[in-house]
Amino acid sequence: MEIITAVRGFKDILPVEAGKWQYIEKIAREVLANFGFREIRIPILEKTELFKRSIGESTDIVEKEMYTFLDRGNEYLTLRPEATASVVRAYLEHTMYAQDPVARLFTIGPMFRRERPQRGRYRQFHQINAELLGLDDPRTDAEVILMLMQFLMRIEITDLRLMINSLGCRECRPAFRKALSGFLVGKEEQLCKDCQRRLAMNPLRVFDCKTANCIEVIDHAPQILDFLCPGCMDHFTKVKEALAMFAIAFEVNPKMVRGLDYYAKTTFEVVTEHLGAQNAVAGGGRYDGLVKDLGGPDIPGIGFAVGVERLISISPFMGENFLISPQLFIAALGDKAQMLAFSVCNRLRIQGIQTEMDYSGKSLKSQMKRADKLSSRYALILGEREIAENKAELRDMQQGTQETIGLDDLENAIIKILKGS
RNA sequence: GUGGGUGUAGCUCAGGUGGUUAGAGUGCCGGGUUGUGGCCCCGGAGGUCGAGGGUUCGAAUCCCUUCACUCACCCCA
C-alpha cells in the first residue's frame with residue numbers, strides 16, 4: 001500500500017530541526033517581552049472577507065495566493081495568509097481599545113499561501129508577528145524597527161539590509177496616485193499585462209513589477225516621497241532621526257511599495273543577499289486606517305512579520321546540534337537488573353535527571369553502542385554480577401572512566417555525581 | 001500560474017552506444033572482545049530501478065503518458 005505523504009508545500013519540522021525553532025522563539029519572546037509586547041493567540045482560519053477588506057482586493061495575496069474554500073455552512077473561509085488582519089480583528093472583537101487603546105501584541109504561528117513552493121517559500125510557513133496599536137508617534141515606528149533589528153542581532157543574523165520608505169497617508173497619496181496615473185498615460189502599451197491591469201486598480205503596484213520594460217518606465221516616474229504632505233514628511237523625518245539615534249543603518253527606497261493595501265506612512269523591509277529572489281526576511285509598516293476600515297474606531301497601528309523558515313536558513317547556527325541527549329543511559333543485563341533499571345530510570349527522571357534505558361535485553365556491547373549513539377554523558381552498567389555484589393558501574397562516556405557505586409542509595413549517588421559534572 | 005532539472009537501498013549517489021544474480025559509500029543489525037561505546041576488520045538484512053503503457057528475444061537504460069519532488073520567474077515571510 002502506498003503511504004500518504006504531506007500536502008505539497010507543507011513541511012514536517014523534525015526533531016533535529018525543532019530545537020532551532022525553540023531557540024529562535026525563545027529569543028523572540030525575550031526581546032518582545034523587553035519591549036512590552038504580550039502574546040495573543042489567534043485562529044488560523046478566518047472569514048475570507050477579513051482578508052479581502054484588509055489586505056486589499058487587488059493584491060497578489062488576495063487575487064491568487066489565498067487558501068480559500070467554502071465550508072459546510074456555505075461560508076467562505078481562508079487559512080490566514082498573514083497575521084495583522086486577525087490581530088486587528090481580535091483587538092476589535094474584544095474591544096481591547098476600551099480598556100486601553102494602546103496594545104502591544106505579538107503572535108507566532110503558521111501562515112498559508114497557495115503558491116508554487118521553492119527554496120525559502122512554502123505553502124505553510126511561519127511568522128513571528130508584532131503589532132503595536134494605538135500610537136502614531138514616529139518614535140514608535142523606530143521603536144518597532146529597533147526591536148526587530150535587536151531580535152535579528154540576538155540570533156546573530158548578519159549581512160542584512162534595512163530598507164524604509166513612506167507611502168504617505170490618505171491626504172497625500174491621492175495626489176501622488178493621480179500624478180503617477182498621469183505619468184503612465186500613453187505608456188500603457190509599454191507595460192506588461194499585469195501592470196496594465198494594475199493601472200486601474202492600484203497604479204502604485206507597478207513599482208513592484210520586475211519586468212524590464214516596466215522597470216524602465218517606472219524609473220522616471222514621480223516618487224511618493226516628493227508628494228508627502230507636511231505631516232507625513234515630518235513623520236518620516238522623525239522616524240529616520242530616531243533610527244539614527246540607535247545607529248541603525250537603513251536605506252531609503254522610494255520604490256518599495258509593498259504588497260498589502262493597508263500600509264500607510266512608514267514601511268520597511270529587511271532583506272538578505274543569501275536567499276535569491278526570496279530575499280525578504282522580515283517586513284512591515286504602519287497601518288493607520290486599517291482599524292477603522294475593519295469597522296472600529298480610528299486607531300493607528302504599526303507592525304512587522306519575520307519569516308521563521310528564512311531566518312533559520314540564514315542563521316549561523318544551522319549546523320549546530322540542538323537535539324537533546326540523555327545524561328544517563330542504563331544498560332541492564334538479566335531480568336533482575338532490567339527490573340531494577342526500570343525503577344531507577346523512572347525515579348531519576350522524576351527527580352529531573354534525563355535518563356534512558358535499554359529494554360531489548362541485548363548484549364552489553366549493543367547497549368553501550370546505543371548509549372553512545374544517544375550521546376549519553378554517563379552509562380550505568382547493571383548486570384547480574386553487580387546485582388549479586390550489591391553494586392553498579394557508572395561509566396563516564398566522555399572520559400572513558402568508570403567507578404563502582406553501591407546499590408543502597410544508588411539514586412542519590414548518581415545525582416550527586418551527575419550534578420558535579 | 002509560466003519555464004527548467006531530477007526520480008535507482010533509510011540517506012547521498014554510481015550504473016558509456018539496451019544483455020542475464022542492479023552496485024558503492026553511509027546508516028541499520030550481528031560478530032571479532034564468553035560483560036564495556038567511539039577507531040579498525042568481517043558478515044548480514046534492506047531495492048515494485050516513481051507509476052502506467054509501448055518498442056525489443058531482452059529495458060534501470062530507448063519512446064510516449066502520468067505523477068512526485070526540486071529550482072527559477074511573478075510576488076512575498
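Everything numeric here is computed off the predicted structure, so don't read it as measured data. Below, read A as the first sequence line, B as the second, and so on, with proteins coming before strands; counting in each chain starts at 1.
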Quiz prompt | Short N-O contact, A/D60 and A/R205, less than 4.0 angstrom | solution = yes
Quiz prompt | Selection: residues 391-402 of chain A, any non-hydrogen atom under 4.0 Å of RNA chain B | solution = A/R395, A/M397, A/G400, A/Q402
Quiz item: Going by an N to O cut-off under 4.0 Å, is there a salt bridge joining A/E17 and A/K20?
Solution: yes
Quiz item: How far, in whole Å, is B/A51 from B/G47 if one measures between their P atoms?
Solution: 14 Å
Practice problem: Under the side chain to side chain contact (heavy atoms under 4.5 Å, CB included) rule, collect the residues that match up with A/E143, sequence neighbours excluded. | Solution: A/F35, A/R104, A/L132
Practice problem: For residues A/F227 and A/F176, establish whether the separation of their ring centroids is below 6.0 Å. | Solution: yes
Quiz item: Expressed in whole Å, how much space separates the C1' atoms belonging to B/G15 and B/A59?
Solution: 14 Å
Quiz item: If pairs are Watson-Crick or G-U with both distances under 3.5 Å, what is the dot-bracket string of RNA chain B, marking crossing pairs with [ ] and pairs to another strand with |?
Solution: (((((((..((((.....[...)))).(((((.......))))).....(((((..]....))))))))))))....
Exercise. State whether A/E30 and A/R154 are salt-bridged, where the test is any N-O pair (Lys NZ or Arg NE/NH1/NH2 against Asp/Glu carboxylate O) under 4.0 Å.
Key: yes
Practice problem: In plain terms, say whether A/E389 and A/K391 are close enough for a salt bridge, that is, a side-chain N and a carboxylate O under 4.0 Å apart. | Solution: yes
Practice problem: In whole angstrom, give me the gap between the P atoms of B/G16 and B/C71. | Solution: 28 Å
Quiz item: What distance, rounded to whole Å, do you find between the two P atoms, one in B/U61 and one in B/G53?
Solution: 14 Å
Quiz item: Under 3.5 Å, is there an N or O donor on one side and an acceptor on the other linking the side chain of A/E115 and the base of B/A77?
Solution: yes
Quiz item: A/I314 has an atom CD1; how far is it from atom P of B/A77, in whole Å?
Solution: 15 Å
Would you give me the side-chain donor-acceptor pairs under 3.5 Å for residues 369-376 of chain A, sequence neighbours excluded?
| unit_1 | atom_1 | unit_2 | atom_2 | d |
| --- | --- | --- | --- | --- |
| A/S376 | OG | A/F329 | N | 3.1 |
| A/S376 | OG | A/Y378 | O | 2.7 |

Practice problem: Give a yes or no answer on whether the side chain of A/S181 reaches the backbone of A/R177 with a donor-acceptor pair at less than 3.5 Å. | Solution: yes
Quiz prompt | Residue A/D208, side-chain atoms from C-beta onward, closest of B/G37, B/C75, B/G35 | solution = B/C75
Quiz item: Quantified in whole Å, what is the P atom distance between nucleotide B/C64 and nucleotide B/U6?
Solution: 14 Å
Quiz item: Going by an N to O cut-off under 4.0 Å, is there a salt bridge joining A/D219 and A/K255?
Solution: yes
Quiz prompt | Sidechain N-carboxylate O distance under 4.0 Å for A/E393, A/R395 | solution = no
Practice problem: Inspect the contact between A/R161 and A/E273 and indicate whether a charged nitrogen and a carboxylate oxygen are less than 4.0 angstrom apart. | Solution: yes
Quiz item: Is A/R123 near enough to B/A77 that one of its side-chain N or O atoms lies under 4.0 angstrom from OP1 or OP2?
Solution: no
Quiz prompt | Atom C1', compared across B/C13 and B/G27: separation rounded to whole Å | solution = 14 Å
Quiz item: Quantified in whole Å, what is the C1' atom distance between nucleotide B/U48 and nucleotide B/C67?
Solution: 16 Å
Quiz item: For A/Q127 and A/N129, does a side-chain donor sit closer than 3.5 Å to a side-chain acceptor?
Solution: yes
Quiz item: Is the shortest heavy-atom distance from the side chain of A/Q354 to the side chain of A/S325 under 4.5 Å?
Solution: no
Practice problem: List the protein contact pattern of nucleotides 67-72 of chain B with one symbol per nucleotide (5' to 3'): B for base contact, S for sugar-phosphate-only contact, - for none; contact means a heavy-atom distance under 4.0 Å. | Solution: --SBSB
Quiz prompt | Interatomic distance at C1', B/G18 relative to B/C62, whole Å | solution = 8 Å
Quiz item: For A/V88, which of A/L105, A/V291, A/I299 qualifies under side chain to side chain contact (heavy atoms under 4.5 Å, CB included)?
Solution: A/V291
Quiz item: Closest nucleotide of RNA chain B for A/R310 versus for A/I381: which of these residues is on the 5' side?
Solution: A/I381
Quiz item: Taking CG from A/D372 and C1' from B/U36, how many angstroms apart are they, rounded to a whole number?
Solution: 11 Å
Practice problem: For A/A282, report the nucleic acid contact type (base, sugar-phosphate, nothing); a contact means any heavy atom under 4.0 Å. | Solution: sugar-phosphate
Identify all pairs in which a protein N or O lies below 3.5 Å from an N or O of nucleotides 26-33 of chain B, and state each distance.
| unit_1 | atom_1 | unit_2 | atom_2 | d |
| --- | --- | --- | --- | --- |
| B/G30 | OP1 | A/K362 | NZ | 3.4 |
| B/G32 | N7 | A/K365 | NZ | 3.2 |

